[in-house]
Amino acid sequence: MSTRIAFLKGHGTENDFVIIPDPENVIDLPPAAVAALCDRRAGIGGDGLLHVVRSDAHPEARAMAAEAEWFMDYRNGDGSVAEMCGNGVRVFAHYLQRAGHVAEGDIAVATRGGVKTVHIAKEGDITVGMGKALLPEGDVTVSVGERSWPARNVNMGNPHAVAFVEDLDHAGDLYTAPPFSPASAYPDGVNVEFVVDRGLRHVALRVHERGSGETRSCGTGACAVAVAAARRDGADPAVTGTPATYTVDVPGGRLVITERPDGEIEMTGPAVIVAEGEIDAGWLETATP
């Protein structure tokens with residue numbers, strides 16, 4: 001490992017990330033190193049880490065290299081590997097444009113949740129093709145303290161439990177994962193969204209992200225919420241033949257989610273790079289047990 005490691009810091013609706021450019025996949029990032037970098041007091045701080053690698057240089061992405069040159073090797077803030085991160089994809093694409101790897105328009109990004117199509121608009125917002133939602137069968141319940149709610153099981157390449165509540169304060173502090181049942185519904189844990197209505201096709205959420213705790217935003221969670229709300233509202237595009245668009249307020253801003261009649265979901269929102277610098281590799285080694 002070199003003595004200095006380049007990094008950037010960015011966010012999408014305040015869901016923030018440490019960005020490590022590593023085109024040839026030569027930087028070793030074990031879970032403990034990722035957790036140290038994402039530590040908000042002793043490290044750089046972030047909800048997660050975006051490891052920027054060429055697809056043909058990463059064993060998990062080589063099969064996608066013909067479709068997408070770049071692979072988003074995404075890690076949660078605790079160092080665990082995640083399938084997808086919607087806000088992360090927007091920030092990832094913004095970094096690629098900033099670094100001169102891509103231009104405005106449509107690009108493809110490989111993720112563990114498959115290849116995602118991203119559109120970088122001239123005015124700055126970025127739209128991500130998030131794929132289709134899966135709606136597993138079976139009843140799910142989530143709880144906070146003595147309160148419990150039925151939840152919609154939605155999979156956006158990663159698992160979500162969406163609960164509609166009367167007040168977002170009912171979600172509690174969200175430092176720890178809200179209990180859910182049955183345990184078999186989410187054997188690897190789940191992202192839990194608590195949702196209230198704000199108006200016609202306008203909702204707001206708070207979220208506990210698996211491996212990160214409460215975050216200021218969750219892109220796949222916003223998509224899951226829009227899908228769950230559309231089904232609740234009788235606005236399933238596959239049934240009505242009309243796209244369903246929901247405005248989703250998150251603590252860190254606003255996202256716009258559209259589900260088309262063919263099931264494809266698009267998410268539009270901002271992406272910002274706020275800083276860049278270098279990490280002392282010696283520090284990272286000492287910070288890693």
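When reading the values below, keep in mind they use all heavy atoms of this one structure, side chains included, and skip hydrogens, waters and symmetry mates.
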> What are the two closest non-hydrogen atoms of K116 and G129, and how far apart are they?
Replying inline: CD-O, 3.4 Å
Is the backbone N or O of [Y] less than 3.5 Å from a side-chain atom of [X], with the two atoms forming a donor-acceptor pair by type?
X: D47; Y: D16; result: yes
X: D236; Y: A238; result: yes
X: R216; Y: T13; result: no

> Is the closest basic N to carboxylate O distance between D167 and R147 below 4.0 Å?
Replying inline: no
> Given the rule in the side chain to side chain contact (heavy atoms under 4.5 Å, CB included) test, do D22 and V52 qualify, once you have shown the distances and angles that lead to the verdict?
Replying inline: CA-CA 5 Å; D22 183 21; V52 184; over 6 Å; no
>> Pairing donors with acceptors under 3.5 angstrom, does anything connect the side chains of E266 and T258?
In response: no
Report yes if the side chains of [X] and [Y] come closer than 4.5 Å at any heavy-atom pair, otherwise no.
X: V109; Y: F92; result: yes
X: R112; Y: F71; result: yes
X: H94; Y: V272; result: no
X: F164; Y: P150; result: no

> Do other residues, nucleotides or ligands put more than 12 heavy atoms under 6.0 Å from the CD atom of E123?
Replying inline: yes
> What about the rings of F194 and W149, do their centers lie closer together than 6.0 Å?
Replying inline: yes
